[in-house]
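Below: the structure, in structure tokens.
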Amino acid sequence: MPDPASNPPSPATAKSMDEIMALCKRRGFVFQASEIYGGINGFWDYGPLGAQLKKNLRDAWWQDVVMNPCWGRTGPSGERVRTVPLDSTIIQHPRVWQASGHIAGFNDPMVDCRETKQRYRYDHVQVFTRQGTTSEAPMFAFVLGTETENRQRKKAEKKFDMKMEVVALSDIAPADWPKVLAPHAEAIGTLTEPKQFNLMFKTYVGATAGEDDVAYLRPETAQGIFVQFKNVVDTTRVKIPFGIAQTGKAFRNEVTPRNFTFRSREFEQMEVEFFCHESEALDWFSFWRKWRMEWWESIGLAGENLRLYDTPQKDLAHYAKAGSDVEYRFPFTAPGFGELEGIAYRGDFDLRQHAEHSGLKDNLKYFDMTRGEPLPNGQPKGEKYFPHVIEPSAGLDRGVLAILCEAYTKDASRPSPEIMRFHPRVAPIKAAVFPLVNKDGMPEVADRLHAELQGRFGRSGFIETDAKQSIGKRYARMDEAGCPYCFTVDGDTLTGQTVTVRDRDTGKQDRIALDKVGGFLAGKLGA
RNA sequence: GCGGGCGUAGCUCAGUGGUAGAGCGUCAGCCUUCCAAGCUGAACGUCGAGGGUUCGAAUCCCUUCGCCCGCUCCA
């Protein structure tokens, strides 16, 4: 009888991240990047099964977002969702990142306190000093708007007899830093030099490039979409509302890469920028918010470990009007959640920024012929505007990690205690075909069935076959690799033209006709 | 960037100054008519890396890299 006062562990919290990571290594899902050289902080490679799993997830997104957008649903305006794909470059013109705000916003110098181990944003720290600072007077540093302000003010008032002023830490001469009392410190002079944090990866364009040729690896794929918005509109007959979708690598020099692949410095995004008229934007935001949640559920994350979380207004970026996150309760975040995808209503911020910085100005606006006052001939006059944007931005690697965590199951009652319960759509191995024993004509039948299934389903994932060792071992291996169905050729196959199909999740077996195997698998894989 | 923990075979780990080990996995052969079964055999190690102390270092010291946890950060 469990203690009712204690919270029962959720399935995710009960899972051990160490065990999941060990399985990922052992079965070739995830390897440390450059491992034989000692690894490199914040980078991970996908092994054979992981690479296929990741591709399956990316393909599922592409199919459901680009090729059959939102499963054919109609949006708030009553017409089917339309999106078009794009593949823009990792390296863009440096001014793209000026326009987007990343060059300004991605560089926050920090100072550390040697005594208290606290870290502060350099530009947030101010100091109380005596008016007309004398060389001996101490300085009381504080962080604006925190309790340190009052505490340090009291000290300063006592010391300076009310004759004091407030100066930014950045305006204090380096020679005076030894006199600064850090916000939480007891001793003076404990603050380190400001340290620059460059969250964008810098590179140089051109074989003989110098400092004039600095460029950046994109920290998000989104800006490539905004930059090509006009070309897409001019060349593809798209009409608002519509989306532009793109998957691709992005790079961020995270301060602290942590938690397996969750916060990596090189990662892959799956993003849509959905353009619409301001009057419909909130409806589209609701539409995407709801559908993206359903999509993650559809690929195997349904359950209490997935949630849709609305960003509080105070936490939104300055340009954002609304935001929701699809979040997963990872073993390392439990009982909290970690973000898989952010759905943001960004207003018209990005297109306006690029209109301004590129000099295109109003030429970057969209001309909507369905809006505006009716003309004498009955047609609308049209309206020129910057479309508003809904941005569902998903992390592919985080999706893979969530799927790995969700799929990992430990069942001590089974001969093979570790099972990866992948949804068949994303499972890297779709099916396996075994001869029960490696003789009596069974291998030949198994080979034929394997060839048939590979020809029909090999485009969506691996179809395995294996005749070595005991059947139990082969089933166990497939459980660890997450293969949903195993077909076994046995003595009855030779006489009755049937095989057994074993279900990974239950271990149960059914007998089906040899010539129905393809149809059975097609039904299960949704192919 | 700070603090703590850890790093030995593919995985899990033992080995605290004296010949690098175990279990599992992997591979080969035999056997095998449904769940990591059995028998026989085999391969696999920069003991994370570099330096130092020592007659001798996986073991002690220094430096460094990586992973995990906590702080911090996350436009």
Side-chain angles (χ1 to χ4, degrees), chain A residues 16-19 21-28 31-44 47 97 100-121 184 190 192-200 219-220 222 252-263 265 315-320 331-332 338-339 342 344 413-419 434-442 467-480 486-495 499-504 506-509 511:
Chain A
S16 151
M17 205 58 213
D18 286 345
E19 287 176 349
M21 287 165 64
L23 186 141
C24 282
K25 170 79 185 289
R26 189 167 72 242
R27 298 309 310 234
F31 302 133
Q32 205 180 358
S34 307
E35 189 186 292
I36 65 169
Y37 288 97
I40 176 165
N41 195 352
F43 297 88
W44 299 89
W97 309 113
S100 69
H102 285 87
I103 285 180
F106 243 43
N107 289 314
D108 293 326
M110 312 287 292
V111 292
D112 293 323
C113 175
R114 292 189 199 90
E115 178 189 318
T116 64
K117 311 305 180 195
Q118 296 270 327
R119 167 172 288 174
Y120 310 98
R121 282 231 342 226
H184 296 90
T190 60
T192 62
E193 300 268 297
K195 188 176 283 286
Q196 193 75 22
F197 283 76
N198 296 305
L199 268 55
M200 277 201 294
E220 61 175 30
R252 296 181 193 181
N253 261 319
E254 297 289 354
V255 177
T256 313
R258 207 46 90 77
N259 291 326
F260 203 27
T261 62
F262 184 78
R263 179 164 292 141
R265 287 178 164 150
D315 293 339
L316 292 172
H318 65 91
Y319 49 78
F332 50 80
E339 181 184 345
S413 72
R414 287 182 42 164
S416 51
E418 290 182 299
I419 308 157
F434 301 140
L436 182 58
V437 290
N438 199 13
K439 60 178 188 180
D440 297 341
M442 294 178 206
K468 295 292 176 111
Q469 299 174 313
S470 73
I471 189 70
K473 238 174 217 198
R474 285 176 272 161
Y475 285 152
R477 272 198 284 256
M478 286 300 121
D479 284 346
E480 264 198 354
C486 295
F487 302 98
T488 300
V489 173
D490 58 16
D492 292 347
T493 309
L494 308 172
T495 54
V499 297
T500 60
V501 51
R502 172 186 179 274
D503 183 276
R504 174 196 64 204
T506 63
K508 291 214 174 74
Q509 293 183 60
R511 187 160 282 282

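Proteins come first, then strands; the chains are lettered A, B, ... in the order of their sequence lines, and each starts at number 1. Because only heavy atoms are used, hydrogens play no part in the values below, and waters and symmetry mates are left out as well, while side chains stay in.
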Please state the [atom1] separation for the pair [N] and [M] - nearest whole angstrom.
N	M	atom1	value
A9(B)	C65(B)	P	22 Å
C31(B)	G23(B)	C1'	24 Å
U32(B)	C69(B)	C1'	48 Å
U40(B)	G45(B)	P	25 Å
G51(B)	C13(B)	P	29 Å
A28(B)	A43(B)	P	15 Å
U72(B)	U26(B)	P	45 Å
G48(B)	C67(B)	C1'	11 Å

Just to be sure I understand the rule, does [X] reach a base, reach only the sugar-phosphate, or reach nothing, if contact means heavy atoms closer than 4.0 Å?
X	answer
Ser100(A)	nothing
Gly42(A)	sugar-phosphate
Phe434(A)	nothing
Arg414(A)	nothing
Asn438(A)	base
Gln32(A)	sugar-phosphate
Arg474(A)	nothing

Which atom pair, heavy atoms only, marks the closest approach of [X] to [Y]?
X	Y	value
Arg502(A)	Asp479(A)	NH2-OD2, 2.9 Å
Met200(A)	Trp97(A)	CE-CB, 3.9 Å
Asp440(A)	Leu494(A)	O-CD1, 3.1 Å

Need the pair for [N]. Rule: Watson-Crick or G-U wobble, both distances under 3.5 Å, any strand; none if unpaired.
N	value
U32(B)	none
G41(B)	C27(B)
C67(B)	G5(B)
A22(B)	U12(B)

Mind checking salt bridge (Lys or Arg N to Asp or Glu O under 4.0 Å) for [X] and listing every partner two or more places apart, or none if nothing turns up?
X	result
Arg504(A)	none
Arg265(A)	none
Glu480(A)	Arg26(A), Arg27(A)

When the distance from [atom1] of [X] to [atom2] of [N] is rounded to whole Å, what number comes out?
X	N	atom1	atom2	value
Ile40(A)	C67(B)	CD1	C1'	14 Å
Phe332(A)	C74(B)	CZ	C1'	14 Å
Glu480(A)	C35(B)	CD	P	19 Å
Arg265(A)	C67(B)	CZ	C1'	14 Å
Arg258(A)	C67(B)	CZ	P	9 Å
Ile471(A)	C34(B)	CD1	C1'	6 Å
Met21(A)	C11(B)	CE	C1'	13 Å
Lys25(A)	A9(B)	NZ	P	9 Å

Relative to the ring of Trp44(A), is the ring of Phe260(A) parallel (under 30°), tilted (30 to 60°) or perpendicular (over 60°)? perpendicular

N/O donor-acceptor pair, side chain [X] with base [N], under 3.5 angstrom:
X	N	value
Thr500(A)	C34(B)	yes
Arg502(A)	C34(B)	no
Thr256(A)	G1(B)	yes
Gln509(A)	C34(B)	yes

Assign each of Lys439(A) and Lys508(A) to its nearest nucleotide of RNA chain B by heavy atoms, then name whichever residue's nucleotide is nearer the 5' end. Lys439(A)

Would one find a side-chain N or O of Asn41(A) under 4.0 angstrom from OP1 or OP2 of C65(B)? no

Using the test side-chain contact (heavy atoms from CB on, under 4.5 Å), find all partners of [X] that sit at least two apart in sequence or belong to another chain.
X	result
Thr506(A)	Asp503(A), Lys508(A)
Gln469(A)	Lys473(A), Arg477(A)
Arg258(A)	Thr256(A)
Ala320(A)	Leu316(A), Ala317(A)

N/O-N/O pairs, protein side and nucleotides 22-28 of chain B side, under 3.5 Å:
{"from": "U26(B)", "atom 1": "OP1", "to": "Arg477(A)", "atom 2": "NH1", "distance (Å)": "2.1"}
{"from": "A28(B)", "atom 1": "OP1", "to": "Lys468(A)", "atom 2": "NZ", "distance (Å)": "3.2"}

Any chance you could measure Arg474(A), atom CZ, to Leu436(A), atom CG, to the nearest 0.5 Å? 7.0 Å

N/O contacts under 3.5 Å, protein versus nucleotides 42-46 of chain B?
{"from": "U46(B)", "atom 1": "O4", "to": "Ile36(A)", "atom 2": "O", "distance (Å)": "2.9"}

